[in-house]
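Worksheet: one structure, shown below.
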Amino acid sequence: MKKSALQLARAAYQPKLPKSLRGDVCLKEGAATQSVADREEIKKLFPNTYGMPVLSFEASKKVRIYPAINVGVILSGGQAPGGHNVIAGLFDGLKRMNHDSRLFGFLLGPGGLVDHNYMELTPDIIDDYRNTGGFDIIGSGRTKLEKKEQFDKGLEILKKLDIKALVIIGGDDSNTNACVLAEYYKQINAGVQVIGCPKTIDGDLKNEMIECSFGFDTACKVYSEVIGNIERDCNSAKKYWHFIKLMGRSASHIALECALQTQPNVCLISEEVAAKQQTLDDIVNYIAGIVAARAADGNNFGTVLIPEGLIEFIPAMKKLIAELNDFLAANGDAFAAVERSQQIKYIVEHLSPENASIYSSLPETVARQLTLDRDPHGNVQVSLIETEKLLAEMVGRRLAAMKAEGKYVGKFSPQTHFFGYEGRCAAPSNFDADYCYSLGYTAALLIGEGKTGYMSSIRCTTRPAAEWIAGGVPVTMMMNMERRHGEMKPVIQKALVELDGVPFKYFAAHRERWARETSFIYPGPIQYFGPSEVCDRTTETLRLEHE
Ligand code: FBP
């Protein structure tokens, strides 16, 4: 396969490992742990994997002999830069412990385990994917591993291939399921260990012990590069307002990080919208106010960042979506029979007066998206709703009204963008390349120690890689009970943007100035070669949280 010049040069990059992992290691066990909440329930549900200690690896002079082992690996959920390096680190760690160990990849996500689709990952395959973006080495998928029949079916192929450990690379839900699987295999004495690795560009799998999920760093740098380019374009022509939606379906970490890197005129944070109980009108008025103030200074241009999940955080929209979900679940066939030109009218007639009034105020395209695009559970797919277009259109309407009242003098020409897929498979930054390789290598060591129900962890990540601390965190430690599809379930707590956290507070302290003035920062593309302060810097979020 033909490779680009950068790909060829990047293949030779040797990811940096923590100093403690560069030779032989010994394991240090901390005190017993507890779950973040609902301790009694979680303990009852995980009798075999609850309360285990936090682990860390330290350099050792003692040479340790490890038996050869066959290991399986799964990539789960959305792509995130660095996944290939987790697998490369895992492979190298296993081979270092015993050259006869083998690694098998299950294809296209957890479904590969259940359906027995796999391939052996040999040195030439691994070498081809080192330091590359994407999950294409084995593919990924969103099948949820949660039923006993799936676990038993998976065990058949694990037994057949003599696999004694499984590494699941995924987000909060996948790692929750990895822990349920670890517990089940331990309970039935299956002889299979399960280890998780924290992945998601959304950045919402993090806590006291897991400083960040991999992929967040690279994805945010890619989006920030492009936002910076747009800002420079808009500061050059001075004629457009750019409305940019950014991936991150539940939390607004990506939008916040990109704002910290590029200092746009507006950045909405869904968690704040929910906390302040803001309406769509409040948001539209807020943006229109900033557009008008800048216009008064003669600046008819700017940038607005919008988190993908915004719509579900606006309390009134959430209520509208819930009523639409119920209505369409019960009346889907009747709705489908209505002529297209009459569909919006039909919906308005059948909603409660409060929701009907919100629904009829929406632009037609968005109103249609809210009724047409449902997932298999009957929920609206928020990522398909063009919030950037919705806001651009509503701000335009608001400004027209303000103009009529003499409250706005200016010209408003919006452009809309959605950045998500552009960053999910980018070549990992040095940070993600090093972090992921270390996560994979640490997963191998946890397997070598016979551990199960742990998530591979690398801490102190704002220090140089040599000083990072590698170890394992019991997954049960991150769990609490939450209502999911009407039932209370043990899950890893999702990390939303904390409004009293340092990154948000920094943003909030500066946003008024960024709104009125033109304070854009142009981060430029990710640098893979060059001075460490350019190439190895972490995200602003991580820096502000830990310094
Ligand atoms: P994960 O949580 O699985 O890592 O995926 C995150 C994400 O990139 C979201 O930001 C986005 O909403 C979603 O995936 C889109 O997924 P898909 O491409 O499967 O629709």
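Order of appearance sets the numbers: ligands from 1, and atoms from 1 within every ligand. Being a predicted model, the structure only gives us computed values, none of them experimental.
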(request) Look up atom NE2 in His84 and atom OH in Tyr129, then write down how far apart they are to the nearest 0.5 Å. (result)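 Taking NE2 in His84 and OH in Tyr129, the distance rounds to 6.0 Å.
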Taking [atom] as the reference point, the nearest protein heavy atom with its distance:
atom: atom 18 (O) of ligand 1; answer: Tyr421 OH, 2.8 Å
atom: atom 11 (C) of ligand 1; answer: Glu308 OE1, 3.6 Å
atom: atom 13 (C) of ligand 1; answer: Arg142 NH2, 3.6 Å

(request) Give a yes or no on whether Arg543 atom CZ has more than 12 heavy-atom contacts from other residues, nucleotides or ligands under 6.0 Å away. (result) yes
(request) May I ask you to check whether over 12 heavy atoms, not counting those of Glu208, lie within 6.0 Å of atom CD? (result)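 No, not enclosed.
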(request) Please determine if Ser76 has a nitrogen or oxygen closer than 3.5 Å to a nitrogen or oxygen of ligand 1. (result)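 No; the residue has no nitrogen or oxygen that sits under 3.5 Å from a nitrogen or oxygen of the ligand.
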(request) For ligand 1, find out whether one of its N or O atoms is nearer than 3.5 Å to an N or O atom of Gly77. (result)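 Among all N and O atoms of Gly77, none is under 3.5 Å from an N or O of ligand 1.
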(message) With no hydrogens and no angle check, just 3.5 Å: does a side-chain donor-acceptor pair link Asp432 and Asn85?
(response) no
Contact atoms of ligand 1, heavy-atom distance to [X] under 4.0 Å:
X: Gly78; result: 1 (P), 3 (O), 4 (O), 5 (O)
X: Thr200; result: 1 (P), 2 (O), 4 (O)
X: Ile201; result: 8 (O)
X: Gly248; result: 10 (O)

(request) Measure from the side-chain N and O atoms of His253 to the backbone N and O of Ala495, and report whether any donor-acceptor pair falls under 3.5 Å. (result)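 Yes; judged by distance alone, with no hydrogens or angles, the pair exists.
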(request) Between Asp202 and ligand 1, find which residue part has any heavy-atom pair under 4.0 Å and reply side chain, backbone, both or neither. (result) side chain
(request) Would you kindly specify which portion of Gln79 sits under 4.0 Å from ligand 1, judged on non-hydrogen atoms: side chain, backbone, both or neither? (result)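 Gln79 to ligand 1: no contact under 4.0 Å from either part.
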Can you say whether the rings of [X] and [Y] are parallel (under 30°), tilted (30 to 60°) or perpendicular (over 60°)?
X: Phe243; Y: Trp241; value: tilted
X: Tyr184; Y: Phe151; value: tilted
X: Tyr441; Y: Tyr437; value: tilted
X: Tyr435; Y: Phe431; value: parallel

(message) Less than 4.0 Å is my threshold; does some heavy atom of Lys199 fall inside it relative to ligand 1?
(response) yes
(request) With atom 8 (O) of ligand 1 as the reference point, say which of Lys494, Arg249, Arg424 has the nearest heavy atom. (result) Arg424
